[in-house]
Amino acid sequence: MSLPPQEDMFAPPPPPAGAGLLKNLNPEQYAAVTAPAEPSLILAGAGSGKTRVLTTRIAWLLQTGQATPGAIMAVTFTNKAAKEMLTRLSTMLPVNVRGMWIGTFHGLCNRFLRAHWKLAGLPQGFQILDASDTVSAIKRVIKAMKLDEERFVPKQVGWFIAGAKEDGLRPKDIEQRDEQTRTLVQIYQAYEDQCAREGVVDFAELMLRSYELMRDNLALRQHYQHRFQHLLVDEFQDTNKLQYAWLKMFAPPGAGQGVFAVGDDDQSIYAFRGARVGNMSDFEREFRVKKVVKLEQNYRSFGNILDAANTLISNNSRRLGKNLRTEMGPGEPIRVHEAASDFNDAQWLIEEAQSLHRAGMPRQEIAVLYRSNAQSRVIESALFNAGIPYRVYGGLRFFERAEVKHALAYLRLIENPNDDTSFLRVVNFPTRGIGARTIEQLQDAARSSGRSLWQSVGAVAGKGGANLVGFTQLVDSMRNLTQGLTLREIIEQVVETSGLADFYRTEKEGAERLENLAELVNAAEAFVTQEGFGKDAIALPVDETAPGTIAAGLPLAVAAAAVTPDAETGEIMSPLAAFLTHASLEAGDNQAQAGQDAIQLMTVHSAKGLEFDAVFITGLEEGLFPHENSLSDSDGLEEERRLMYVAITRARQRLYMSFCQTRMLHGQTRYNVKSRFFDELPEAALKWLTPRNQGFGSGFAKEYQEAWSRGSGLKSMVGAGQRAYSNEKAAWVEPPVPASMKKKVDEEHGGLRVGKGVFHTKFGEGVLMTLEGSGPDARAQVNFGRHGVKWLALGVAKLTPID
DNA sequence: CTCGACGTCATTTTT
DNA sequence: TGACGTCGAG
């Protein structure tokens, strides 16, 4: 390892290289950033400056001359994290980002396979199937094999295949114990053949194919192991078996020098999709990590919040051990609220959120977290009725939208007509008289000849055949028309020529879809102009030291076979192909109602990595959180607890936890018991907004516990719960209504009259039909005509009287 | 091909 | 409850 240049002994000593970078680091962070180039495991607690440590480490390695950009690889799970890293890095140093390999596992695999497509046995312009493409491809295989889709559900078969790949298993490696497995393996094999024919790979294939190539090609492996002196891994606790094996392939040899793994075992919440927390301790053992650095100083939350998090998580066994601390003081207590129903809970929540907002907190800084997506509905409708802007995460993403996928399918066909998935998607969209029979005939023809649908068009005669030929001519003409155009022009051309634009222009709901297609053009433009990722993807794996070749050290013969760039431009992909890859690899933002200041609604899972001034954790009920499906084994419960830990540690200043006695779930009312997690929190950090142990009394809880220990789930308790509820209901006391709130409601009440007109920000004008209740429970029934008859809570809905 | 009726299902999810 | 997929009728 090279050392910083020697000081001139007569000159005043300059500050050591990299000193500026290290200025405001705490001792733990400092130790991590400046760790020697040997395997390091950094246990980074929530809010401990993990990203800062990672990026500063890279900057420090570069600035002290310990590494060149080309010797650094940094891996993340999400595009967002990768971008964040690049952005921060560029503020620290004027670095040549191009030479570094910073990206997601899949992004880097793509980069690697683009460079070595020939060795990997892939076509040069291979395209990537996203999750839904994969399912539909598998569906086609199952249909072609004439198997029962009831027994072989495409989605589940997809899990089987992805699971196998993530265990590093090809069809031949799978033990076929029973008939079912035997058939699954046959499907797997047929699916692989189909992918090979069509020149496409799925996400898991990106990983597995690169892993195998590294494993089987000594020269290549030596090249990369020599090149990457420093391998940095983010969110290490989320790696699966294959990803860990992949990392070991790239790790510099000699006990894995320079592998810098950052993770938090307490935030491992993805076991259900194959993540192995165990990789952390495996890494520690296999790489002989000398010293684990723990980042325990938290810069995000106040003391009560951290106390809650620490106390809760201490109930887990099998931890690497870590305790967060803060210098920010205890702050406010955690506010706990019990509601009679999910409806009431939502009303309370938005009233609370509104008062935070009135006190000056931006809505963006308020997050509502829940365990499962279904829980968002009540809250959404309450927010909607009250006219409060909100944003729900987790919806359809940009590149997953139907109209966008249609446009991409045409673009993919231009690149590769043998892409049957794309062919089927748009062969009759917009409709051009090609029916199911015709397509079936075509599929039969293709199957028997082992060719693609496109290649089999000629073989299908008859009335549908002519239309099919028309379709291929259309795609051919698009290919001709777009020759030599810029990416932007190509997409504009295709959207028009394909008939998509006209289709959506006539469609009554088409305006938004047209906007999205216009947005696709913008995205393409941004992709081409963007520094870093975009250009990298196009002018790929050309080594920074000698354009057109890859780095020295790789034997010539391998090099020649490995990288085959365009002789003139050095490009190995067309901008279009690169953009299509980008579209598969990055699904885009969940751009719901972006722009305005809105309350953030999301699952606890999607909140990981985020932070907010105020956080509401809702639905803290047994069976929901922890979820009933996770209770069968202790691993499941521990993961739920980690999930709760993640939820708690999202909050900076203010944290609310709420639960309700009854909840509408799957069209049935469920009667709930508060979450066991309340028993695992420090009493001193909590402040109950509602009287404790009201509502459901111990009677119900006991009955519930008994039912549970008999092995029957919560579902069987619905009847019993009902009885208990009606017994206990009389004991329920409404919490005292703050005078201020009462007054406000009364005032609003005052202006409204049954039978008179009212105005609502979302529904417009309506007629007030009924007024009932008082205080926070005051409700109004309003007929909004076109929008129907609605019940609105006066505590939240903005209703103004009109004459 | 389009539309409506009916049946089924219901943690968590990135790439 | 409600979203989604499949199937049959027009």
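Chain naming here is simple, since letters A, B, ... match the order of the sequence lines and numbering starts at 1 in each.
The side chain of S630(A) sits closest to dT11(B) out of dT6(C), dT11(B), dT1(C). Looking at the side chain of M664(A), the nearest of the listed nucleotides dG2(C), dT1(C), dC1(B) is dT1(C). Picking from dA10(B), dT6(C), dT15(B) the nucleotide with the shortest atom distance to the side chain of N79(A) gives dT15(B). Taking only side-chain atoms of N629(A), from C-beta outward, the nucleotide of dT15(B), dT11(B), dT13(B) with the closest atom is dT11(B). Residue T431(A) has its side chain nearest to dC1(B) when only dC1(B), dT11(B), dT13(B) are considered. Minimum atom distance to the side chain of T104(A) is reached by dT15(B), of the listed dT15(B), dT13(B), dC1(B). The N428(A) side chain lies nearest to dC1(B) when the options are dC1(B), dT13(B), dT11(B). For T78(A), taking side-chain heavy atoms from C-beta onward, the closest of the listed nucleotides dT6(C), dT11(B), dT15(B) is dT15(B).
Using a 4.0 Å cut-off, some side-chain N or O of T603(A) falls inside it from OP1 or OP2 of dT13(B). A close approach under 4.0 Å does not occur between any side-chain nitrogen or oxygen of R397(A) and OP1 or OP2 of dT13(B).
Checked by atom type, the side-chain pair D202(A)/T134(A) shows no donor-acceptor distance below 3.5 Å. A donor and an acceptor atom, one from each side chain of S675(A) and E621(A), are nowhere located under 3.5 Å apart. A side-chain N or O of Q600(A) and one of Y393(A) form a donor-acceptor pair less than 3.5 Å apart. Looking only at atom types and distance, the side chain of N279(A) has a donor-acceptor partner in the side chain of T239(A) under 3.5 Å away.
Among the protein residues, N373(A) comes within range of the sugar-phosphate backbone only, with heavy atoms under 4.0 Å from sugar or phosphate atoms but none that close to a base. If you check every strand for non-hydrogen atoms under 4.0 Å, E235(A) touches nothing.
With rounding to whole Å, L610(A) atom CG is found 12 Å from dT14(B) atom P. Regarding R663(A), its CZ atom lies at a distance of 14 Å from the C1' atom of dT1(C), rounded to whole Å. The distance from atom CH2 of W159(A) to atom P of dT12(B) is 11 Å, rounded to the nearest whole Å. Between the CD atom of Q375(A) and the P atom of dT1(C) there is a distance of 18 Å, rounded to whole Å. We find that CZ of F77(A) is positioned 10 Å from C1' of dT15(B), with the value rounded to whole Å. In this entry the distance linking CD of E400(A) with C1' of dT15(B) reads 10 Å, nearest Å. The CD atom of Q237(A) sits 21 Å away from the P atom of dT12(B) (whole-angstrom rounding). We find that NZ of K155(A) is positioned 11 Å from P of dC4(C), with the value rounded to whole Å.
Partners of N316(A) by side chain to side chain contact (heavy atoms under 4.5 Å, CB included), not counting sequence neighbours, listed by chain and number: I313(A), R319(A), E638(A), R641(A), R642(A).
Although no hydrogens or angles enter the test, the distance criterion places a donor-acceptor pair under 3.5 Å between the side chain of T618(A) and the main chain of L369(A).
For the contact set between residues 261-276 of chain A and DNA chain B, defined by any heavy atom under 4.0 Å, the members are Y270(A), F272(A), R273(A).
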